[in-house]
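Working notes, beginning with the structure itself.
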Amino acid sequence: MKIKTFRGGYDNNFAYLIEYQDRALLIDPSYPAKEILAYCEDNRLKLIGVVVMHSHHDHIVDLQTYKHRAITIYAHSSSKVYKDEAITEDDVITLGNMNFNVMHTPGHRFDSICLLYKKHLFTSDTLFVRGCGRVDFEGSDPELMIDTLERIKHLEEDITVYPGHDYGPTKTSTIKDEKRLNPFLQMTREEFLKNRLG
Ligand SMILES: [Zn+2]
């Protein structure tokens, strides 16, 4: 899989541009559209879709720009952001011969999703390298976050994790390493609630 990672945005965000031949799909629009589109143009890529991973302000950057260019915007069905395609659990987003499976992973935010393509999991603010998203915001649900993290723990260990922010010691990780080293994946339900909510 060919991935161009953009790092920056509001707070060390990651946006991932997946390339397939002359087409591209943007996962997590957290980086200025102008620069994403310039990269696509320079590399003769047609941006065919933008996937909103959850609706926090730093992850829905310049959606209007994509809308005006008739680039398909995907977001979870519960999301209030503008979208062309409402997606939910078990839906598939296609780029060439690549199928990205949608997982609805509420907790950090009600409309949080993860995308799984073979051994690649894009987690946005659901799971970070050695961390996880906050659950004390409006639209968060700590109980659902525990269920979501539990679900992620049961994915295959050799899957690579691509988070939505550069908060950890490495840019990406694996399910195996996170199960071993991420404190939030070690906690009991009670410990998690106490730690995350004080
Ligand atoms: Zn967020």
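Atoms within each ligand, like the ligands themselves, are counted from 1 in listed order.
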Show the nearest heavy-atom pair for residues Cys132 and Phe192, with the distance to one decimal.
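Heavy-atom minimum between the residues: SG-CE1, 3.9 Å.
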
For Ile175 and Lys153, work out which heavy atoms get closest and say how close.
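Closest heavy-atom pair between Ile175 and Lys153: CG2-O, 4.3 Å.
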
Among the N, O or S atoms of [X], the one nearest the Zn ion (ligand 1):
{"X": "His108", "answer": "NE2"}
{"X": "His54", "answer": "NE2"}
{"X": "His56", "answer": "ND1"}
{"X": "Asp125", "answer": "OD2"}

Validate the cation-pi geometry between Lys67 and Tyr82: distance from NZ or CZ to the six-membered ring centre under 6.0 Å, angle to the ring axis within 45°.
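Yes, a cation-pi geometry holds between Lys67 and Tyr82.
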
Would you call Glu157-Lys179 a salt bridge at under 4.0 Å N-O?
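Yes, charged N to carboxylate O under 4.0 Å.
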
